Asker: 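Here's a structure for you.
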Amino acid sequence: MSAARTLFQKVWERHEVVPQTADTPAVLFIDLHLIHEVTTPQAFTVLRERGLKVRRPDLTIGTMDHSTPTRTEQVFGGKPISIASAANQVRQLELNCTEFGVELMNLQSDKRGIVHVIGPELGATQPGKTIVCGDSHTSTHGAFGALAFGIGTTEVGHVLATQCLLQTRAKTLAINVTGRLRPGVTAKDLVLAIIGRIGVGGGTGHVIEFRGEGIRALNMDERMTVCNMSIEAGARAGMVAPDAVTFEYLKGRPRAPQGAAWDAAVADWNTLVSDPGAVFDREVTLDASTVEPMITWGTHPGMVAAVTGSVPATSTDPVFERALTYMGFTAGQKLAGSPVNVVFIGSCTNSRLTDLRAAAGVLKGHRIAAGVQMLVVPGSQQIKKLAEAEGLDRIFIDAGAEWRESGCSMCLGMNGDTVEKGQYSLSTSNRNFEGRQGVGARTLLASPLTAAASAVRGVITDPRELLQD
Amino acid sequence: MEPIQSITSRTVVLPRTDIDTDQIIPARFLRTTSREGLGKQLFADWRYLADGSPNPDFELNRPEAQGCKVLVGGRNFGCGSSREHAPWALLDHGILAVISSEFADIFRSNALKNGLVPVIVDDATLQWLLANPGVEVTIDLATSTLRLPGGKSVTFPIEPFARFCLMQGVDQLGYLLLKDAEITAYEKQRA
Ligand code: SF4
């Protein structure tokens with residue numbers, strides 16, 4: 001008789017090459033290793049120094065996204081990549097992948113995109129897999145019921161050389177989401193509300209399983225948005241048990257199982273749920289129907305309030321005053337109506353087709369406010385193509401926004417797309433840390449709907465005001 | 001990795017919570033393909049003024065902070081990005097251990113793999129250390145003990161394997177490579 005197990009336990013136990021003991025961590029097998037240009041060069045150097053090969057190139061996929069330009073002329077020729085060190089990193093990844101026989105979606109590939117966007121899009125991200133990448137937002141892939149987490153460069157080297165990692169088993173945290181989101185409220189608002197509730201360190205040492213009606217009602221893009229930001233609560237990973245929505249998304253994708261193998265896979269994936277009675281180390285419950293459109297006002301994602309609300313009048317957070325000074329806000333200040341200089345729609349949190357459709361839906365027939373700069377950056381070249389086929393690019397361009405090639409872009413200030421000192425950037429990305437989007441940049445995190453509505457008005461705006469028009 | 005038995009040093013204190021890895025080393029410095037020389041860029045946006053000169057108010061720039069090998073930071077140290085450049089930059093600057101009441105998981109894992117010792121203490125001890133910058137402390141790995149002035153000491157949690165690796169200077173890749181037979185057997189059984 002076996003005890004009731006959580007989804008996390010089931011996936012973990014399938015991948016134990018050597019189980020954990022009191023004195024040693026488990027040796028855990030990795031099914032999919034995603035690599036990109038920023039966190040791998042030093043790992044390949046170690047392989048070279050020690051005369052090692054990549055053990056499983058067939059389980060390794062490379063892309064370039066973080067330091068790559070988003071301007072068409074720098075991606076598809078005509079002009080070189082303007083930042084020499086970025087060009088060098090891109091070239092180094094090409095050399096490493098060629099030398100070690102790893103598949104790479106290079107700069108001009110139509111399969112290239114943000115690492116956490118292309119894994120699912122290719123169908124390489126699947127339920128029950130262990131997935132790692134030298135990037136903390138690897139948690140995104142947990143939306144499929146995979147155990148997916150970010151690792152450092154030394155560990156990238158471990159996986160390249162052995163396809164395994166030394167890991168100690170995390171604790172489990174169930175986040176039960178009851179009720180459904182109301183119109184104008186998105187998965188981004190839900191996850192911001194969750195982080196506001198449990199705090200930026202609230203998930204440390206834990207793998208979160210997002211459960212309940214409020215999660216089941218989400219499509220895959222939305223589930224990815226939620227799992228993506230698990231790391232912003234400090235969690236090792238976020239997971240959602242696979243269901244018909246997951247299978248529907250994966251069916252027919254190039255790297256998904258086909259034919260009889262598909263049926264066998266679905267039968268297996270259907271077992272990847274937490275058993276009734278499975279015990280989590282902690283549980284938190286939240287009602288989705290009470291969530292409002294949310295926006296951050298401070299310098300970490302836990303500093304968050306309803307768009308219709310205010311900066312708190314007081315806080316027990318020791319960095320409250322410092323955050324307000326950095327953001328140029330005062331305690332108790334109302335958020336709606338506060339000016340916005342830059343609007344960024346993109347990043348592995350909110351750059352998928354449904355995100356772009358949502359933003360375009362708000363922008364259609366509007367122009368962005370005078371003085372606002374708006375950048376729309378699709379998560380992958382595939383998404384770019386699909387969006388253009390629907391005419392979304394025209395809506396963005398006609399509204400006065402820039403439409404770019406895929407990449408991390410303004411999510412982090414390292415590829416040339418940056419926010420100037422002191423400017424307010426309403427961003428659909430995931431981190432509002434000091435300087436994240438550029439030295440002195442002031443980031444306000446929100447949903448694509450809120451971003452688009454605020455672009456139109458030039459001030460922080462509740463998107464429901466425009467959706468009613 | 002050099003074996004580490006103990007570290008004795010005065011502390012330099014950063015009295016802030018949730019110090020994320022974007023502060024430890026900003027993203028624009030990650031366009032490197034090497035792990036060397038990142039110490040200059042440690043805490044760059046806090047440490048330097050707009051003209052590139054050192055910010056005299058920043059804790060690490062004060063004269064008494066020079067030569068300190070132990071950094072004390074507020075709760076949830078190292079949150080955010082998985083960049084291993086963060087421990088590389090701290091080590092390159094001469095920091096050998098960080099004391100906090102809580103570390104973000106990926107930062108802690110990265111630190112341990114590079115011989116940067118993360119020391120987890122209870123909140124009262126952390127508050128005392130934050131309030132008393134510059135005291136001399138000793139981190140003793142054999143006993144997992146942090147010794148404080150006045151004969152006080154506290155033990156800190158560290159997994160036996162991680163401690164063994166630090167004390168022996170064991171490189172974990174070497175350990176994993178020795179599991180080749182088990183890995184091959186696993187691959188066969190799954191194929
Ligand atoms: S979009 Fe932002 S968060 Fe996502 S992988 Fe790129 S840099 Fe990281």
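Because the structure is predicted, anything quoted here is derived from the model rather than measured. Letters A, B, ... mirror the listed sequences (proteins, then strands); counts begin at 1.
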Asker: For the candidates S34(B), A44(B), S109(B), which exhibits the highest count of non-hydrogen atom pairs separated by less than 4.5 Å from chain A?
Answerer: S34(B)
Asker: Between the side chains of D140(B) and T138(B), does any donor sit under 3.5 Å from an acceptor?
Answerer: no
Asker: Take L445(A) and N430(A) through the test side-chain contact (heavy atoms from CB on, under 4.5 Å) and record every step on the way to the result.
Answerer: CA-CA 7 Å; L445(A) 302 175; N430(A) 42 54; 5.5 Å; no
Asker: Heavy-atom distance under 4.5 Å to chain B: side chain of N96(A), backbone, both or neither?
Answerer: neither
Asker: Just so I understand: if I count every heavy-atom pair under 4.5 Å between each of T45(A), L166(A), I151(A) and chain B, which residue has the most?
Answerer: L166(A)
Asker: Between G203(A), S136(A), A84(A), P41(A), who has the most heavy-atom pairs with chain B when the cutoff is under 4.5 Å?
Answerer: S136(A)
Asker: Tell me, side chain or backbone of E187(B) under 4.5 Å from chain A's heavy atoms, or both, or neither?
Answerer: side chain
Asker: Could you measure the distance from the OG1 atom of T296(A) to the CG atom of N432(A)? Nearest 0.5 Å is fine.
Answerer: 4.0 Å
Asker: Please classify the contact of R190(B) with chain A as side chain, backbone, both or neither, using a heavy-atom distance under 4.5 Å.
Answerer: side chain
Asker: If you draw the axis of the six-membered ring of W12(A), does the NZ or CZ of R236(A) fall within 45° of it and under 6.0 Å from the ring centre?
Answerer: no
Asker: Under 3.5 Å, is there a donor-acceptor pair between the T349(A) and R431(A) side chains?
Answerer: no
Asker: Who wins among E155(A), H137(A), H300(A) for the most heavy-atom pairs under 4.5 Å with chain B?
Answerer: E155(A)
Asker: As an exercise, state the distance from OG of S6(B) to CD1 of I139(B), rounded to the nearest 0.5 Å.
Answerer: 9.0 Å
Asker: Look at R83(B) together with D22(B) and state whether they make a salt bridge at an N to O cut-off of under 4.0 Å.
Answerer: yes
Asker: Do other residues, nucleotides or ligands put more than 12 heavy atoms under 6.0 Å from K171(A) NZ?
Answerer: no
Asker: With under 30° as parallel and over 60° as perpendicular, where do the rings of Y186(B) and H15(A) fit, or are they tilted in between?
Answerer: tilted
Asker: Only pairs of heavy atoms separated by less than 4.5 Å count here; which of R50(A), E232(A), Q163(A) has the most with chain B?
Answerer: R50(A)
Asker: Which answer fits Q23(B), side chain, backbone, both or neither, if we ask what part of it has an atom under 4.5 Å from a heavy atom of chain A?
Answerer: side chain
Asker: Using a cut-off of under 4.5 Å on heavy-atom pairs, state which of T32(B), I106(B), N76(B), T33(B) scores highest against chain A.
Answerer: T33(B)
Asker: Among G205(A), A161(A), G435(A), single out the residue with the greatest number of heavy-atom pairs under 4.5 Å to chain B.
Answerer: G205(A)
Asker: Given that the side chain runs from C-beta out, which part of H158(A) has a heavy atom under 4.5 Å from chain B: side chain, backbone, both or neither?
Answerer: both
Asker: Tell me whether R108(B) is salt-bridged to E102(B), with the criterion being a basic N under 4.0 Å from an acidic carboxylate O.
Answerer: no
Asker: Considering residues, nucleotides and ligands other than E420(A), do more than 12 of their heavy atoms fall under 6.0 Å from its CD?
Answerer: no
Asker: Please classify the contact between E16(A) and chain B as side chain, backbone, both or neither, with a heavy-atom cut-off of under 4.5 Å.
Answerer: backbone
Asker: Picking from R75(B), R163(B), R28(B), which has the most non-hydrogen pairs under 4.5 angstrom with chain A?
Answerer: R28(B)
Asker: When the ring planes of F77(B) and F103(B) are compared, do they come out parallel, tilted or perpendicular, using 30° and 60° as the limits?
Answerer: perpendicular
Asker: Can you say whether V18(A) sits under 4.5 Å from chain B via the side chain, the backbone, both, or neither, judging by heavy atoms?
Answerer: side chain
Asker: At a 4.5 Å cut-off on heavy atoms, which part of D180(B) comes close to chain A: side chain, backbone, both, or neither?
Answerer: both
Asker: Given that the side chain runs from C-beta out, which part of S67(A) has a heavy atom under 4.5 Å from chain B: side chain, backbone, both or neither?
Answerer: side chain
Asker: Sort S81(B) into side chain, backbone, both or neither according to what part of it lies under 4.5 angstrom from a heavy atom of chain A.
Answerer: both
Asker: Which atoms of V156(A) come close to chain B, meaning under 4.5 Å heavy atom to heavy atom: side chain ones, backbone ones, both, or neither?
Answerer: neither
Asker: With a 4.5 angstrom heavy-atom cut-off, is it the side chain or the backbone of F161(B) that approaches chain A, or both, or neither?
Answerer: both
Asker: Counting only heavy atoms closer than 4.5 Å, note whether N415(A) contacts chain B via side chain, backbone, both or neither.
Answerer: backbone
Asker: Measuring from atom OG1 of T299(A) to atom CG of D20(B), what distance do you get when rounded to the nearest 0.5 angstrom?
Answerer: 8.0 Å
Asker: Select one option (side chain, backbone, both, neither) describing which atoms of Y175(B) are under 4.5 Å from chain A's heavy atoms.
Answerer: side chain
Asker: When you look at CD of E2(B), are more than 12 heavy atoms from neighbouring residues, nucleotides or ligands closer to it than 6.0 Å?
Answerer: no
Asker: Side chain, backbone, both or neither: which part of Q92(A) has a non-hydrogen atom closer than 4.5 Å to chain B?
Answerer: side chain
Asker: What part of R436(A) lies closer than 4.5 angstrom to a heavy atom of chain B: side chain, backbone, both or neither?
Answerer: both
Asker: Quick check on V27(A) against chain B: is it the side chain, the backbone, both or neither that has a heavy atom closer than 4.5 Å?
Answerer: side chain
Asker: By a 4.5 Å heavy-atom criterion (distance strictly below it), what part of L93(A) contacts chain B: side chain, backbone, both, or neither?
Answerer: neither
Asker: Over all heavy atoms of both residues, which pair between V135(B) and P149(B) is shortest? Give the atoms and the distance, please.
Answerer: CB-CG, 3.7 Å
Asker: If I measure from the heavy atoms of chain B, does A170(A) come under 4.5 Å with its side chain, its backbone, both, or neither?
Answerer: neither
Asker: With rounding to the nearest 0.5 angstrom, report the CG to CG distance, L71(B) to L90(B).
Answerer: 6.5 Å
Asker: Select, from D135(A), T39(A), T418(A), the one with the greatest count of heavy-atom pairs under 4.5 Å involving chain B.
Answerer: D135(A)
